[in-house]
Amino acid sequence: MDVTFDFFKDNLVVHISGEIDHHATEVLRTRIDKKLISEKSVNMILDLSDVSFMDSSGIGLIIGRFKNVRGFGGNLALVCKDNHIKRIVSLAGIEKIIEICNDIETAVNSLKIKNKKTAGL
Amino acid sequence: MDVTFDFFKDNLVVHISGEIDHHATEVLRTRIDKKLISEKSVNMILDLSDVSFMDSSGIGLIIGRFKNVRGFGGNLALVCKDNHIKRIVSLAGIEKIIEICNDIETAVNSLKIKNKKTAGL
Amino acid sequence: MQNINEMSVIFSSKSENEAFARIVVSAFLAQIDPTVNELNDIKTAVSEAVTNSIIHGYGNDSGQIKMRCELFLDAITIEIEDSGKGIENIVEAMTPSFTSCPEMERTGMGFTVMETLMDSLSVDSKKGVGTKVVMSKKFDSLKECK
Amino acid sequence: MQNINEMSVIFSSKSENEAFARIVVSAFLAQIDPTVNELNDIKTAVSEAVTNSIIHGYGNDSGQIKMRCELFLDAITIEIEDSGKGIENIVEAMTPSFTSCPEMERTGMGFTVMETLMDSLSVDSKKGVGTKVVMSKKFDSLKECK
Ligand SMILES: Nc1ncnc2c1ncn2[C@@H]1O[C@H](COP(=O)(O)OP(=O)(O)O)[C@@H](O)[C@H]1O
Ligand SMILES: Nc1ncnc2c1ncn2[C@@H]1O[C@H](COP(=O)(O)OP(=O)(O)O)[C@@H](O)[C@H]1O
């Protein structure tokens, strides 16, 4: 498991690769939250394109980051193409509250719209 | 594990790929011996370039094929680059009776010389 | 029905061993060559059950987890057992979204994932004694080859 | 010395399980990230011992093989045990090139390979009861990191 960060149009993009299980989430959580606090970005994109395995620990990781980002007044979007991971994510009904996109461009656009709604525009 | 055959200047070349353990040798032995009997080639080159694992069952496989080929009046050469496999092979002192070559060209040449010697030339 | 292969493995309740358990079950299945989807489903269900034994069964204690696999011509049965603190109310525990550890970011979806990805799931547990999860899955991909 | 992880696995004496045993030991070692050479040596030694239990211990009978691994900060200990026919003369059996099965193209190099690739090897066996091989290896690659 590895995590790297970059920015795309003011959104903090978190690229996770490898396997997301309970063991991995303990490290992932700490590193992502630290980054979120140090950068003053309000929006986060969790890029799961290079995740090869995920169980329900990943659901907790996603929902936990969603709550944190919302706490800062921002929004979260997921980038995920793998069908197995999509299935795990949808079991928890995540797609009702978090947009699941095929690529980062789409995620950026969806966050733009969400932020406008949140701001009441 | 997989085995394929071709010919190179009248030498039967046996390409083995994957893992050579006791489980694999049972199939390998049958397939190689059947081919040796059906083709009337006297010389065999065992190409281990694509072997990813070998234990002492592989030593038995090599010595067994060597005996069969000698029984037909031919000779055998090995092609092997991997250091771990070379080490296993040399533990049994195989290099004293069978030439271990880095590529098929070299194996062909070494068999040419061996055959001349065997024929008393 | 007679199984075609079986194995059992005992390992410590360390979170590193979640990945270990997944590789062991994959290696055991290699001989029958399941589809990628089938293998993913089984690995995920194993990961859920082993994680539960580690975090809920043993918590901060250390203990042993046993995984037993039986392979049949077209199916696998997997038992995952701990001697941890056990489950008091199994029906409640198996309810989607029920978790006793929300502060650990658990979502209560573990049993739901196991139930969805496998063909059968049964949970046997006794407070203070331990928990045993038995799951099985048919390989649709292998049905025709019989 | 306290181990940092341990596991044991029991599997049937089927030749498919030679590969299974190698993957299990590799997966168990993944957490300490040994060198390719160290991993190859250990996989090969495990393959030799497991093969011996299958072909010499049980022969045409079927039985169970137990592999136990203990991981320390800089070393691993592996026990491989069968309840097969046992070895009458261990010294003779361990002599390089001694084999009771030349007709199976065995070369009597199994114990020699285990001895060469591992740092220690001990064999305990009783006719009619079974055989237990205990091997250990230090990871030179990890010595500095301690
Ligand atoms: N092996 C176990 N030992 C003790 N309690 C368990 C075990 N497995 C599950 N539980 C209980 O059942 C609840 C639901 O489990 P699960 O559906 O996997 O969700 P989660 O792991 O997210 O809590 C857990 O929160 C825990 O209270
Ligand atoms: N687990 C075992 N059970 C019974 N006999 C064994 C066992 N392991 C080894 N032996 C005996 O020791 C001999 C030497 O073993 P080894 O050096 O591994 O060579 P090989 O497997 O090529 O015969 C075997 O031929 C067999 O007679």
Side-chain angles (χ1 to χ4, degrees), chain B residues 1-3 14 16-34 36 44 46 48 50-71 76 78 80-98, chain D residues 11-23 25-26 34-60 65 80 94-118 135:
Chain B
M1 175 273 304
D2 200 13
V3 56
V14 182
I16 304 176
S17 62
E19 306 200 323
I20 306 186
D21 61 7
H22 155 249
H23 181 69
T25 49
E26 306 203 323
V27 178
L28 284 171
R29 197 156 46 220
T30 318
R31 290 178 60 184
I32 298 173
D33 288 353
K34 218 175 119 185
L36 181 69
M44 188 189 286
L46 276 181
L48 307 181
D50 292 326
V51 171
S52 53
F53 172 85
M54 193 181 101
D55 65 14
S56 77
S57 307
I59 302 176
L61 181 79
I62 296 166
I63 297 180
R65 283 343 99 220
F66 173 72
K67 286 183 183 164
N68 286 350
V69 170
R70 295 292 297 124
L76 181 111
L78 278 189
C80 168
K81 268 164 292 195
D82 181 89
N83 281 329
H84 185 76
I85 296 174
K86 276 188 178 162
R87 195 164 164 212
I88 302 293
V89 158
S90 72
L91 271 181
I94 283 185
E95 72 276 19
K96 280 175 223 146
I97 49 166
I98 301 170
Chain D
F11 50 88
S12 319
S13 62
K14 289 174 182 279
S15 59
E16 290 92 334
N17 289 338
E18 294 158 9
F20 173 70
R22 294 195 297 272
I23 303 178
V25 81
S26 306
T35 66
V36 174
N37 279 340
E38 286 165 346
L39 189 59
N40 269 335
D41 288 354
I42 292 167
K43 278 167 66 178
T44 310
V46 163
S47 201
E48 298 294 349
V50 168
T51 301
N52 279 353
S53 291
I54 293 173
I55 61 181
H56 303 305
Y58 293 112
N60 294 321
I65 296 165
I80 289 159
M94 293 182 76
T95 307
S97 299
F98 172 83
T99 179
S100 53
C101 302
E103 77 290 353
M104 287 180 68
E105 298 197 343
R106 303 305 299 170
T107 54
M109 292 306 291
F111 281 129
T112 309
V113 167
M114 291 181 242
E115 256 179 333
T116 310
L117 303 185
M118 301 294 280
M135 315 184 271

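Residue numbers begin at 1 in each chain, while the letters A, B, ... track the order of the sequences.
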Residue [X] versus chain B: region with a heavy atom under 4.5 Å:
X	answer
K14(D)	neither
S15(D)	both
D41(D)	both
S47(D)	both

>> The test is side-chain contact (heavy atoms from CB on, under 4.5 Å); show your working for H84(B) and L39(D) and say whether it passes.
In response: CA-CA 11 Å; H84(B) 185 76; L39(D) 189 59; over 6 Å; no
> Does the pair H23(B) and I54(D) meet the rule for a side-chain contact (heavy atoms from CB on, under 4.5 Å), with working shown?
Replying inline: CA-CA 10 Å; H23(B) 181 69; I54(D) 293 173; over 6 Å; no
Quick check on [X] against chain D: is it the side chain, the backbone, both or neither that has a heavy atom closer than 4.5 Å?
X	answer
H22(B)	both
I63(B)	side chain
I59(B)	both

> Got T116(D) and R87(B) here, is their nearest side-chain heavy-atom distance under 4.5 Å?
Replying inline: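 Result yes, sub-4.5 Å side-chain heavy-atom pair found.
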>> Taking the side chain as everything from C-beta on, heavy atoms only, tell me whether I88(B) gets closer than 4.5 Å to L117(D).
In response: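 Touching, per the 4.5 Å side-chain cut-off.
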> From M104(D) CE over to T25(B) OG1, what is the distance, rounded to the nearest 0.5 angstrom?
Replying inline: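 If we round to the nearest 0.5 Å, M104(D):CE and T25(B):OG1 are 8.0 Å apart.
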>> Rounded at 0.5 Å granularity, tell me how far CD in E19(B) sits from NZ in K43(D).
In response: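 Spacing of CD (E19(B)) from NZ (K43(D)) equals 5.5 Å.
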> Under the side-chain contact (heavy atoms from CB on, under 4.5 Å) criterion, do D55(B) and V113(D) qualify, and how do the steps go?
Replying inline: CA-CA 8 Å; D55(B) 65 14; V113(D) 167; 5.9 Å; no
